[in-house]
Amino acid sequence: MAITGLDHVQVAIPRGGEDLARGFYGELLGMREVAKPSALAVRGGCWFESGTAVLHLGVEDPFAPAQKAHPAFLVSDLDDLHERLAAEGHNCVRGDGEIPGVRRFHTFDPFGNRIVPAGLRSTSRPARHEELLAAGSRGCTPR
């Protein structure tokens, strides 16, 4: 048995937050909403996808935003997305170089959930995790 990929990421939203989510994830980030199966649609929430990224937004009651845990989205034009989010009033904090070879920033969705857009990386470079392992990192660090 081996894990072969990632099917989706689930992020919580408050009850009744679907329209706000559509504005942020659909219109601002440019993700396409996909229909939830009818058995799950009655629970609320909404699903989005773009490229290989699949995001499920599920209603959580009581709701608490994820301020540390986050999806990290690969984007084709990091600077353009940064400008669009900032123009809409989202605080975008750059984190370029915190991970070798990775340009990224973090911001928050309208519910306070952290998201991290990152620039596409060259396919000629080894995967980040392989680089970190080669440099002696075990992937997890003690507190």
Side-chain angles (χ1 to χ4, degrees), residues 1-121 123 125-133 135-143:
M1 191 284 306
I3 294 174
T4 61
L6 186 64
D7 181 70
H8 69 274
V9 172
Q10 173 129 348
V11 173
I13 63 171
R15 186 165 308 285
E18 291 86 355
D19 286 340
L20 199 52
R22 288 179 180 104
F24 182 79
Y25 289 99
E27 295 172 25
L28 191 55
L29 296 189
M31 298 184 83
R32 182 175 67 86
E33 185 171 3
V34 294
K36 291 179 69 170
S38 57
L40 300 178
V42 297
R43 300 177 187 172
C46 42
W47 292 0
F48 295 91
E49 65 183 18
S50 184
T52 61
V54 178
L55 178 68
H56 292 181
L57 299 177
V59 171
E60 195 169 276
D61 192 12
F63 169 74
Q67 296 179 354
K68 184 70 174 172
H70 60 272
F73 296 113
L74 291 175
V75 298
S76 60
D77 192 334
L78 188 66
D79 295 326
D80 177 64
L81 182 57
H82 186 279
E83 288 175 19
R84 286 189 297 141
L85 286 164
E88 292 293 322
H90 293 273
N91 184 29
C92 301
V93 179
R94 294 304 294 227
D96 297 340
E98 292 174 338
I99 300 170
V102 177
R103 294 181 62 234
R104 66 186 187 146
F105 65 88
H106 76 262
T107 191
F108 295 90
D109 72 8
F111 313 107
N113 294 308
R114 181 181 175 143
I115 66 163
V116 177
L120 294 173
R121 293 152 40 87
T123 56
R125 296 188 63 242
R128 170 184 40 201
H129 297 280
E130 292 171 1
E131 289 177 1
L132 293 174
L133 288 172
S137 171
R138 295 182 51 193
C140 296
T141 56
R143 293 181 189 219

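Note that the structure is predicted; figures quoted are calculated from it, not measured.
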Approximate separation, where rounding is to 0.5 Å, of Asp109 CG and Leu57 CG: 7.5 Å
Minimum heavy-atom distance between Pro110 and Phe24, given as atom pair plus value: CD-CG, 3.5 Å
Rounded distance (nearest 0.5 Å) linking atom CD1 of Ile13 with atom NE2 of His56: 12.5 Å
Contact summary for Gly119 and Leu74, nearest pair of heavy atoms: O-CD2, 3.8 Å
Side chain to side chain contact (heavy atoms under 4.5 Å, CB included) involving Ala72 - partner list, sequence neighbours excluded: His70, Val116
By salt bridge (Lys or Arg N to Asp or Glu O under 4.0 Å) - contacts of Glu98 (at least two apart): Arg104
Test side chain to side chain donor-acceptor pair (under 3.5 Å) applied to Gln67 - qualifying residues, sequence neighbours left out: none
Side-chain touch Leu78/Leu81, heavy atoms, less than 4.5 angstrom: no
Val102 to Ala118 - nearest heavy-atom pair and separation: CG1-CB, 4.4 Å
Shortest non-hydrogen contact between Pro14 and Phe111, atoms and distance: CD-CD2, 3.3 Å
Contact list for residues 53-71, test salt bridge (charged side-chain N to carboxylate O under 4.0 Å, His left out), sequence neighbours left out: Arg15-Asp61
Nearest non-hydrogen partners of Ile115 and Leu29, listed with the distance: CD1-CD1, 4.0 Å
Nearest non-hydrogen partners of Ala12 and Asn113, listed with the distance: O-ND2, 2.8 Å
Thr107 side chain near His82 side chain, heavy-atom distance below 4.5 Å: no
Contacts of type ring-ring contact (aromatic ring centres under 6.0 Å, His included), residue Phe73, not counting sequence neighbours: none
Leu85 side chain near Leu28 side chain, heavy-atom distance below 4.5 Å: yes
Which residues share a salt bridge (Lys or Arg N to Asp or Glu O under 4.0 Å) with Asp80, sequence neighbours left out: Arg84
By side chain to side chain donor-acceptor pair (under 3.5 Å) - contacts of His90 (at least two apart): none
Close side-chain approach of Leu55 to Val11, heavy-atom, < 4.5 Å: yes
Close side-chain approach of Pro65 and Phe108, heavy atoms under 4.5 Å: no
Please output the side-chain donor-acceptor pairs of residues 33-49 that fall under 3.5 Å, not counting sequence neighbours, one pair per line with the distance.
residue: Glu33; atom: OE1; partner: Arg22; partner atom: NE; Å: 2.8
residue: Glu33; atom: OE2; partner: Arg22; partner atom: NE; Å: 3.2
residue: Glu33; atom: OE2; partner: Arg22; partner atom: NH2; Å: 3.2
residue: Lys36; atom: NZ; partner: Leu40; partner atom: O; Å: 3.3
residue: Lys36; atom: NZ; partner: Gly44; partner atom: O; Å: 2.5
residue: Glu49; atom: OE2; partner: Arg32; partner atom: NH2; Å: 2.1

Partner residues of Asp79 under the side chain to side chain donor-acceptor pair (under 3.5 Å) criterion, sequence neighbours left out: Arg94, Arg103
